[in-house]
Trainee: 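Please find one structure pasted underneath; my questions will follow.
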Amino acid sequence: MSSSSIDRHARIFVTGHRGMVGSAIRRRLERGGYTNIVTAPRAELDLLDQRAVHAFLAECRPDYIFIGAAKVGGIQANNTYRADFLYQNLMIEANLIQGAHLAGVQRLMFLGSSCIYPKLAPQPLTEDSLLTGPLEPTNEPYAIAKIAGIKLCEAYNAQFKRQYVSAMPTNLYGPNDNYDLASSHVLPALIRKAHEAKLRGDSEYVVWGSGTPQREFLYVDDLADACVFLMEQGYDGPLVNIGCGTDVTIRELAETVMKVVGFEGRIVFDASKPDGTPRKLMSVERLAGLGWRATMPLEAGIALAYRDFLDRQAAGRPS
Ligand code: GDP
């Protein structure tokens, strides 16, 4: 690993720049003084189209790529659109990784998720637990696609001496999140539900499942900082987790959201909805060993996310 930083004029391609992850990476790069950030709107570049992706990369020849683009969603979306999650994620990563290699791109960062680890792997989840047991069924298609992406990176590194790094973020939240109740993750869903319950003057709000599953939440700007940190460090080692190292139960989360939003009713649990995996706390030892730690406390991060939600509503942007 070298300590050299990236040239501020290097060409850096950020995919998924309109999404929560890609937009955060772009913000972080801009703040870091990078002047040559390339993005491609979906209307101009369909990441599912192999020819288009390869042609774009051959023309653009970026020095670095951050793969922030993916088909993502919460427990219900993952469980319902199983073919879409498997197919689209396989295509996006295969097109980008092979296209990057063909275009001579030496450094790339691929992002996955903590759901790649076996459902009952020992907690906190270390990177070494990959492929040691069966996956959580509700998001198995997404996880399989992301595991294939990790293996693609490893294979290009082994066969072609590329430096394609896989980083696995825990559950993320923050600006540009998806607040659609049918497809979102739990945190944006609870922000929206609590806010709407407050406006309606309801006495309760509905939280899916039993409230007992535990989840770790990382503010997306912390994730972006970790990604740029790894790239700037020249990290080219094995798979690395990106988390904050602590988790909460869904009940605790629901209570914190109520506090931030100012909704004073009570929580009702909907047992007809799945709990998913009981716990997925990541080990952040590897990343801490490299010198990076998350800084955003959960309640402060939820307050910022709520502010973003309100701004989007005020601006009439789709949630
Ligand atoms: P997961 O981490 O892949 O399971 O995805 P989610 O973020 O969608 O769900 C996390 C946990 O929150 C699960 O146990 C859900 O049942 C629970 N949950 C509670 N209320 C909601 C909700 O309104 N939306 C979502 N997506 N999950 C919820």
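Computed from heavy atoms alone, side chains included, the values below leave out hydrogens, waters and symmetry copies. Counting starts at 1 for both ligands and their atoms, in listed order.
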Trainee: For atom 23 (O) of ligand 1, what's the nearest protein heavy atom and its distance?
Mentor: K193 NZ, 2.6 Å
Trainee: Where does S184 meet ligand 1, judged by heavy-atom distances below 4.0 Å: at the side chain, the backbone, both, or neither?
Mentor: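 Backbone only.
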Trainee: Is ligand 1 under 4.0 Å from a heavy atom in the side chain of R215, in the backbone, in both, or in neither?
Mentor: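 The answer is the side chain.
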Trainee: Less than 4.5 Å apart, side chain to side chain, heavy atoms only: is that true for I97 and C153?
Mentor: yes
Trainee: Which is it for N139 and ligand 1 at heavy atoms under 4.0 Å: side chain, backbone, both or neither?
Mentor: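 Side chain only; the backbone of N139 stays clear of ligand 1.
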Trainee: In a check of side-chain contact (heavy atoms from CB on, under 4.5 Å) between M168 and each of I150, I242, L111, which one passes?
Mentor: I150
Trainee: Under the side chain to side chain contact (heavy atoms under 4.5 Å, CB included) criterion, do E299 and V260 qualify, and how do the steps go?
Mentor: CA-CA 7 Å; E299 195 173 322; V260 169; 3.8 Å; yes
Trainee: Please indicate whether Y156 has more than 12 foreign heavy atoms, meaning atoms of other residues, nucleotides or ligands, lying under 6.0 Å from its OH.
Mentor: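 Count over threshold, so yes.
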Trainee: Among protein heavy atoms, which lies nearest atom 11 (C) of ligand 1, and at what distance?
Mentor: I250 CD1, 3.7 Å
Trainee: Which is closest to atom 18 (N) of ligand 1 by heavy-atom distance: V186, T212, N171, I75?
Mentor: V186
Trainee: Looking at atom 22 (C) of ligand 1, what's its closest protein heavy atom, distance included?
Mentor: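 I find the closest protein heavy atom is W208 CD2, 3.5 Å.
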Trainee: Kindly say whether Y235 contributes a backbone atom to a donor-acceptor pair with the side chain of Q233 at under 3.5 angstrom?
Mentor: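 Answer holds: no.
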Trainee: Once you restrict to heavy atoms under 4.0 Å, what part of E136 touches ligand 1? Side chain, backbone, both or neither.
Mentor: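 None of E136 does.
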Trainee: Indicate the atoms forming the closest heavy-atom contact of N78 with Y142, along with that distance.
Mentor: OD1-CB, 3.2 Å
Trainee: For atom 13 (C) of ligand 1, find the nearest protein heavy atom and state the residue, atom name and distance (0.1 Å precision).
Mentor: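 Of every protein heavy atom, D275 O, 3.3 Å lies nearest to atom 13 (C) of ligand 1.
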Trainee: Tell me the contacting part of P274 for ligand 1: side chain, backbone, both, or neither, using a 4.0 Å heavy-atom threshold, strictly below.
Mentor: backbone
Trainee: Just let me know how K280 lines up against ligand 1, side chain, backbone, both or neither, with a heavy-atom cut-off below 4.0 Å.
Mentor: side chain
Trainee: Between F263 and Y205, how do the two ring planes meet: parallel, tilted or perpendicular, split at 30° and 60°?
Mentor: perpendicular
Trainee: Measure up the F56 and F13 rings against each other and bin them: parallel (under 30°), tilted (30 to 60°), perpendicular (over 60°).
Mentor: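 Taking F13 first and then F56, their aromatic rings sit tilted (interplane angle of 30° to 60°).
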